[in-house]
Amino acid sequence: MTDNPYLAHLPPSQRGAGLSSSEPLFGFLPRKVNGEQVRKAMGHDLNPFTKRPHSAEYKKILEVRKGLPVYAQMNEFLEMFTKHQILIVVGETGSGKSTQIPQFVAYSDMPHIKGKLVACTQPRRVATMSVAQRVADEMDVQLGKEVGYSYRFEDMTTGSGEGKTFLEYMTDGVLLREAMNDTDLSRYSTIILDEAHERTIATDILMGLLKSLAKRRTDLKIIVMSATLDAVKIQAYFSAHGTGKTPFPAPLFKVPGRTHPVEVFYTQEPQPDYVEAAIRTVLMIHRGEDPGDILLFLTGEEEIEEACLKIKSDDFLNTDPSRVGPLVCVPLYSSLPPQQQQRIFDAAPNPTTEGGPPGRKVVVSTNIAETSLTIDGIVYVVDPGFSKQKFYNPRIRVESLLVSPISKASAQQRAGRAGRTRPGKCFRLYTKKDFISDLEEQTHPEILMSNLANTVLELVKLGVKDLVHFDFLDAPAPETLMRALELLNYLAALNDDGELTPLGEVMAEFPLNPQLAKMIIVSPEFKVSNEVLTVVSMLSVPTIWLRPPSERAAADQAKALLTVPEGDHLTMLNVFNTYHRNKSDRDWARNNFLSARALAQAENIRAQLLRTMERYEVELISMEDERKRNNGIRQALVCGFFMQVAHKEGEKGNYLTVKDNQVVALHPSCGLDAQSQWVLFNEFILTKRPYIRTVTEVKPEWLLEYAPLYYDIASFPNGETKKALQRLVTSKHSGKGTRPRRKSKKN
DNA sequence: GAGCACTGC
């Protein structure tokens, strides 16, 4: 007899390797599987999912897994999972919840029999892939077969036949997209939302959808996994108006973490200059603490480069090498090329002299090291308590980044980075009193800090009729929702009753902001969809322009050669086309101070958008005449961005945004000369002063023609802009009369 | 004449 409960029903001859795959192996099993049975199956010679013998590597990994605290809780977990439809799992990093819980579910839920899948979402791509890889190894299957993953541009799953995927890791955005076309998420038997405490917009929307879906699909199991502080709130959210069969519709399942203790220190006094205080602290650690690398959190590129320079040039480091070990400073932020990002994994430098004091590495990083990147060997964390955070002001429709104090949860996460390999220390550059009384408990969820135009379009597409009463875990400000609805209505994606129009249906299918989607969809009318597709792709990637501090003049010169006078959008098109023509020259991008990475990304996005265009029969066309073509592109731009237009006021070169009357200046990166009367902009950024960036000149007639509702003159506040529009209308009307009359008026 | 925390479709 076999001791594998998954195989016990089979005659001995069929328990070996090489079984026919059509055999329904587990069809007899009760839905309820207990920990004992799962443990037996895991320990058996045969893999219950592939029916092949387990490898030696599998057995080694299994021994390691048995050491995880969560492994010891398998019985308890499976009992709860069987009994409840919705479960909240609480666990700190290092608890193994992301790898183990989905596996327990796979053994218990038998998705491979039911023909359904277990989904596990992650907020980031890298984690999606690496967790899936780890779980495939642990389950002794090939990644992309029984265990797979997917995110934008990458689908490592098997849809049918041998090795069909039954456990799929995916980014939260992918699952949300899928929900837009199948609101019941019918492919899945269990959906696990991991890292819910990060509160991405996609995870927040998914929580709302799943909460209501649970009532329609009583067979669907839902697990929400989160770090400690948020879990109770999430539990209360799912428990209220729950499915109601038990007094605790969404119980908490706690998983202990397994990190080393981190000792936290505070300053005695508040620090007026946190960069300077941070540098002092780094040097103090280097002087007085045991070996071990340092992680310093600052807010942005400029600050980080400045701090690195100051640390490197500190007198103390350049004194006696027999007393002070070498200190290597490694900057880390997202816009660094991957090759330079890799430097954070380099070992600390060796002592300068043999037997001399040991070297040390200090990583100076943005928030990217708080969650996205994990650096082993960090023993000391220096936390000044700030990060750049996004704010959205619905009144002027502007998103901006502001240096702001972090939350307690974020401070805790930062400190935890010191205890990954051994006990560590965290130096907080603020007082304990300030920590307790000034820092907020949690970082604000993204949904409260963003422009929601895109999200609202998605929600409407998901069938949410009444946005104001949608069951958000945290509801956005009504004004933010109003602004989004207003924009979508002006774009004709929603009718006056807030319902999706046929145009809106197609817009929602594009993975783009509504303005960009609209541009693409209208572009065939101007016979420029081939070009608009390129412009939109270029607008969807981080900046393509490189400007190394030592080569600014050369970079500006290279840029000037590619600049098109009518505007930055056409310049982007020119860059992409020139890049394409020089595809055979590997060094072309670098020689022209352009980011090869961003250009390749734009190509990738272009190909994906082209597929969406084909699916919805948006024709791909172009025209020969360059002047007409450029006008067509600018007209298509107006159709999407007519609400982001500014008018020149007076001779000082300032612009006023239409209707909102915000004073703005052309960003210095702008290739347009300051003579243009009417300009359309992609971005309003608020730094030392308000700028508009990525700007193109437009003709006011186009505004009146393609956005008559928005450019209804009566709706404009009194001012220069209104007068200019009135003049235009008058001259247009008089233009229909005879020439002499117009002439006489002028004279 | 100056800046881009981080994700995601």
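In what follows, chains are A, B, ... by sequence order, proteins preceding strands, each numbered from 1.
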Would you mind classifying the nucleic acid contact of S387(A) as base, sugar-phosphate or nothing, using non-hydrogen atoms under 4.0 angstrom?
-> nothing
How is T366(A) classified with respect to the nucleic acid when contacts are heavy atoms under 4.0 Å: base, sugar-phosphate, or nothing?
-> sugar-phosphate
Using atom types as modelled and distance alone, determine if a side-chain donor or acceptor of S365(A) lies under 3.5 Å from a backbone N or O of V363(A).
-> no
Step through the shown structure and confirm whether more than 12 heavy atoms of other residues, nucleotides or ligands are within 6.0 Å of CD on E306(A).
-> yes
Atom pair distance, as rounded to whole Å: CD in E154(A) and P in dC9(B) | 11 Å
Give a yes or no on whether a donor-acceptor pair under 3.5 Å exists between the nucleobase atoms of dG3(B), that is its base, and the side chain of R693(A).
-> no
Nearest-Å distance, CG (N451(A)) to P (dT7(B))?
-> 20 Å
Between Y691(A) and H667(A), what is the ring plane arrangement, given parallel below 30°, perpendicular above 60°, and tilted in between?
-> perpendicular
Looking across every strand, which nucleic acid part, if any, lies under 4.0 Å from F510(A) by heavy atom: base, sugar-phosphate, or nothing?
-> nothing
Among dG1(B), dC6(B), dC9(B), which nucleotide sits nearest the side chain of S334(A)?
-> dC6(B)
Any side-chain N or O of T371(A) under 4.0 Å from OP1/OP2 of dC6(B)?
-> no
Does dA2(B) have OP1 or OP2 sitting under 4.0 Å from an N or O in the side chain of R552(A)?
-> no
R124(A) near the nucleic acid: base, sugar-phosphate alone, or nothing, with a heavy-atom cut-off under 4.0 Å?
-> sugar-phosphate
With heavy atoms under 4.0 Å as the rule, sort I368(A) into base, sugar-phosphate or nothing.
-> sugar-phosphate
Heavy-atom count around Q677(A) CD within 6.0 Å, excluding the residue itself: above 12?
-> yes
dA5(B), dC6(B), dC9(B): which one has an atom nearest the side-chain heavy atoms of L401(A)?
-> dA5(B)
Which is true for V174(A) with a 4.0 Å heavy-atom rule: it touches a base, it touches only sugar-phosphate, or it touches nothing?
-> sugar-phosphate
